[in-house]
Amino acid sequence: MFLRKGPGPRVVTLPDGSQITRADLPPRGTTRWVARRKAMVVMGVESGLITLNEAIEWYDLSEEEYAGWASAISAHGTDGLKTTLIQQFRQS
């Protein structure tokens with residue numbers, strides 16, 4: 001099998017010791033977003049696996065949407081991305 005070398009690293013080690021690769025990211029063009037997929041995109045950008053511009057292009061996001069995901073994760077963890085808990089987190 002031939003793997004084409006793209007820009008940036010192929011594997012990134014996270015602070016907790018786990019590793020993520022580009023294969024762990026959601027497929028390009030994803031339209032159904034669950035908390036786990038949003039968190040993977042944010043982890044990929046923050047760890048340097050992909051750039052913010054790549055994430056915006058691949059997933060058709062706006063900068064504000066990505067910034068909302070990133071702030072929700074920093075404030076409440078992955079649970080902050082769950083749409084069923086938005087009201088709970090907005091009150092706190």
Within this structure, what is the [atom1]-[atom2] distance for the pair [X] and [Y], rounded to the nearest 0.5 Å?
| X | Y | atom1 | atom2 | value |
| --- | --- | --- | --- | --- |
| E57 | D60 | CD | CG | 10.0 Å |
| K82 | K38 | NZ | NZ | 11.5 Å |
| S47 | Q19 | OG | CD | 11.0 Å |

Shortest non-hydrogen separation from [X] to [Y] and the atoms involved:
| X | Y | result |
| --- | --- | --- |
| A39 | I73 | CA-CD1, 3.7 Å |
| A72 | L81 | CB-CD2, 3.9 Å |
| R32 | R37 | O-NH1, 2.6 Å |
| V45 | A55 | CG2-CB, 3.8 Å |

Margin query: Let me check something: do I50 and L14 share a hydrophobic cluster, defined by ILVMFWY side-chain heavy atoms less than 4.5 Å apart, either directly or through other members?
Written below: yes

Margin query: side-chain contact (heavy atoms from CB on, under 4.5 Å) for W69 and L61? Distances and angles first, verdict last.
Written below: CA-CA 11 Å; W69 293 357; L61 303 174; 3.5 Å; yes

Item checked: All side chain to side chain donor-acceptor pair (under 3.5 Å) counterparts of E64, not counting sequence neighbours -> none

Next item on the list: For S18, check side chain to side chain donor-acceptor pair (under 3.5 Å) against everything at least two apart and list the hits.
Entry: D16

Notebook entry, point to check: Are the side chain of E54 and the backbone N or O of T51 linked by a donor-acceptor pair below 3.5 Å?
Noted result: yes

Notebook entry, point to check: With no hydrogens and no angle check, is any side-chain donor or acceptor of T30 less than 3.5 Å from a backbone partner on P26?
Noted result: no

[X] versus [Y]: any side-chain heavy-atom pair under 4.5 Å?
| X | Y | result |
| --- | --- | --- |
| R10 | T21 | no |
| R36 | T78 | no |
| I56 | Y59 | no |

Notebook entry, point to check: Does the pair W58 and L25 meet the rule for a side-chain contact (heavy atoms from CB on, under 4.5 Å), with working shown?
Noted result: CA-CA 11 Å; W58 291 0; L25 296 173; 4.3 Å; yes

